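Keep in mind that this is a model prediction, so the values were computed, not measured. Order of the sequence lines fixes the chain letters, A, B, ..., with proteins taken first and strands second; residue numbering starts at 1 for each chain.
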Amino acid sequence: MKRALVPLAVLALLALAIAAPQYITVRYYVQLILLAMIWTIMAHGQNIIQGMTGYVSITQAGLMGVGAYASTLLSIRLGWPVWASMAIAPFITALFSVFVGYPSLRVKGHYFAIVTLAFNMVIFIVLMNFTSLTRGEAGIFNIQRPEPLFGLVDFDDRVAYYYLVLTVAVVMTALTWLLMRSSIGRTLRAIRQNENLASACGVAVWKYKLFAFVASAFYAGAAGALYAHYIGFINPETFGVAQSLDAILAVILGGTGTLFGPVLGAFAVVFLPEYLRIAESFRLIVYGLLLVVATILMPRGALPLLGRAWHAAARRLGFPK
Amino acid sequence: MADGATSPALTLRGVSKHFGGVRAVDDLSFSLGTNEILGLIGPNGSGKSTTVNLIAGVFPLTAGAIQLGGQAIEAIPEYARPPLGLARTFQTASLFPGFTALEQMLVGGHVQMRERGIGALFASRAARAEEAARIQDATDLLAFVGLGGCGATPIENLSSAQQRLLMIGSALASRPRVLLLDEPAAGMVAAERRALCDLILAIKARGVSVMVIEHHMALIMKVCDRIVVLNFGQKIAEGTPDAVRNDPKVIDAYLGVSH
């Protein structure tokens with residue numbers, strides 16, 4: 001795509017996202033878009049550690065759970081204002097991730113994936129069994145939406161909450177963009193491409209890896225808080241390893257290491273299973289097949305493929321390159 | 001040993017590295033004088049690259065001590081040595097795939113960067129000024145190593161000789177006082193090797209002390225002030241190029257005789 005067109009495309013997408021709830025009358029679709037935007041935040045976080053730094057983490061949903069329960073428990077058990085609980089949840093999640101990341105990122109390669117997988121399982125088991133705090137499998141009901149803003153915006157209204165999520169998603173996307181174009185982003189990519197050389201260049205590799213992991217946790221915590229106070233009910237099932245794999249898929253499907261790939265991937269991960277409901281009991285099989293085919297046909301994700309399709313179309317229509 | 005007038009830039013004392021029963025480097029002592037070019041030669045498997053890796057801190061010593069400009073560095077982790085003025089290249093072209101030559105140089109100069117935190121993230125005025133200065137610096141260095149105008153070129157589009165030069169440029173970007181070159185001429189043709197000779201001499205002229213591993217004897221003999229010869233991890237000879245060239249032990253172990 002022509003460079004100058006990218007900001008235009010981004011603005012068009014943003015306008016579409018702002019207009020969507022005004023024109024889409026089926027509440028179910030508004031909800032799906034809202035969930036996809038929450039997943040976009042998740043996927044951005046996953047992309048920082050997996051896509052930019054090259055370390056696959058299998059605990060993004062577990063960290064989302066930490067954020068969701070942190071915000072919920074702060075507001076329900078301690079009676080904190082919902083706004084404050086939601087704002088502090090990403091920081092609690094980030095702090096949590098330091099304790100996992102510090103020991104597991106000092107090693108290179110695949111050990112990190114295994115340690116994070118175990119971490120997700122531990123989170124799940126604790127959420128299930130620490131019933132006095134989390135009410136276990138039964139979950140926590142009646143989680144409040146944030147208090148009205150200046151007495152004007154009532155977040156019990158789905159559309160108002162939609163715009164809150166959209167705002168956070170846009171801010172997190174902007175943050176990711178800043179990170180990507182900064183020298184920090186360049187250093188993270190250097191680690192992904194050749195960790196030994198990065199180390200020889202004097203990069204304190206483990207610090208950068210830890211930063212990437214903690215940043216990914218921050219995103220997951222924000223997504224978790226938004227999710228909990230939207231749905232109003234959380235239980236451990238939502239935050240298992242399967243959902244962490246979905247976060248990985250969102251990054252791979254959309255385009256690893258790109259800015260808008262994870263956005264695309266997040267929508268795919270939310271919408272595809274819903275649309276496949278027509279296939280009923282074959283749903284998961286079809287989903288699995290689609291993923292395999294997609295990975296074979298577009299190993300670098302959908303976004304680079306779309307870019308090439310755009311080029312081809314532009315050539316055929318006779319646009320200057 | 002270096003002559004008494006100049007204090008060594010780098011000193012190894014009794015350095016050993018054993019991998020299980022293999023003594024890759026065995027009780028090795030030598031020093032690299034300030035602003036000297038020292039050659040490290042020897043047959044394959046004699047411990048040259050292991051020595052570079054030990055100096056760079058890729059893995060710990062089994063025994064011995066290494067000093068960089070008088071400071072003990074053997075306990076300092078690899079990534080903390082470049083800030084002290086140490087840089088290296090690798091035997092096989094080791095770069096960041098997918099990067100442009102300029103981006104490679106900028107990461108190579110990582111230790112020169114001051115703005116690494118929030119300022120870098122939000123592109124503060126200081127961070128932008130620093131980035132601009134470093135881009136200028138990297139561009140100058142690219143020209144210095146013979147890659148002028150290649151800044152925007154993806155690494156994959158550079159020839160293998162150009163990639164080797166970029167590796168040297170990237171190492172120089174950290175502004176080292178000591179530079180370790182591990183077979184810089186590998187894969188180069190004669191004309192490229194001659195240019196490399198000039199480059200190594202020019203690096204010395206900038207005040208950098210250089211240790212170079214090479215198999216091309218013409219290059220070694222031309223650029224080196226002194227040569228250390230290894231065999232089976234041990235030093236078997238040390239001296240000026242002429243002395244080493246005529247040393248029977250060196251001829252026997254490495255150079256060979258013309259029958």
- Is it the case that more than 12 heavy atoms not belonging to B/Phe19 sit under 6.0 Å from its CZ atom?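 Enclosed: over 12 neighbouring heavy atoms sit under 6.0 Å from CZ of B/Phe19.
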- Task: Answer yes or no: does atom CZ of B/Phe144 have more than 12 heavy-atom neighbours from other residues, nucleotides or ligands under 6.0 Å?
- Result: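 Yes, enclosed.
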Heavy-atom pairs under 4.5 Å with chain B: which of [options] has the most?
options: A/Met180, A/Arg192, A/Arg189; result: A/Arg189
options: A/Leu175, A/Val203, A/Val205; result: A/Val203
options: A/Ala204, A/Ala190, A/Ala198; result: A/Ala190

Can you tell which part of [X] gets under 4.5 Å to a heavy atom of chain A, answering side chain, backbone, both or neither?
X: B/Met167; value: neither
X: B/Ala123; value: side chain
X: B/Glu130; value: neither
X: B/Glu131; value: side chain

- Query: If you count heavy-atom pairs under 4.5 Å between each of B/Arg134, B/Glu103, B/Arg81, B/Met113 and chain A, which one has the most?
  - Reply: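 Highest number of heavy-atom pairs under 4.5 Å: B/Glu103.
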- So which of B/Val58, B/Leu86, B/Leu95 has the largest heavy-atom pair count under 4.5 angstrom toward chain A?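 Highest number of heavy-atom pairs under 4.5 Å: B/Leu95.
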Separation between [atom1] of [X] and [atom2] of [Y], rounded to the nearest 0.5 Å:
X: A/Ile191; Y: B/Phe96; atom1: CD1; atom2: CZ; result: 8.5 Å
X: A/Ser199; Y: B/Glu78; atom1: OG; atom2: CD; result: 3.5 Å
X: B/Tyr79; Y: A/Cys201; atom1: OH; atom2: SG; result: 15.0 Å

- Item | B/Ser94 and A/Asn196: side chain donor to acceptor below 3.5 Å |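 No donor-acceptor contact under 3.5 Å links the two side chains.
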- Message: Tell me the closest heavy-atom pair linking A/Gln193 and B/Phe99, and the distance in Å.
- Response: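 For A/Gln193 versus B/Phe99, the nearest heavy atoms are CG-CE1, 4.0 Å.
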- Task: Please lay out, stage by stage, how B/Leu121 and A/Leu179 fare under the test side chain to side chain contact (heavy atoms under 4.5 Å, CB included).
- Result: CA-CA 6 Å; B/Leu121 185 60; A/Leu179 178 64; 3.8 Å; yes
- Message: Determine whether B/Arg88 and A/Leu197 satisfy the following criterion, side chain to side chain contact (heavy atoms under 4.5 Å, CB included), listing intermediate values before the conclusion.
- Response: CA-CA 10 Å; B/Arg88 65 152 319 167; A/Leu197 178 59; over 6 Å; no
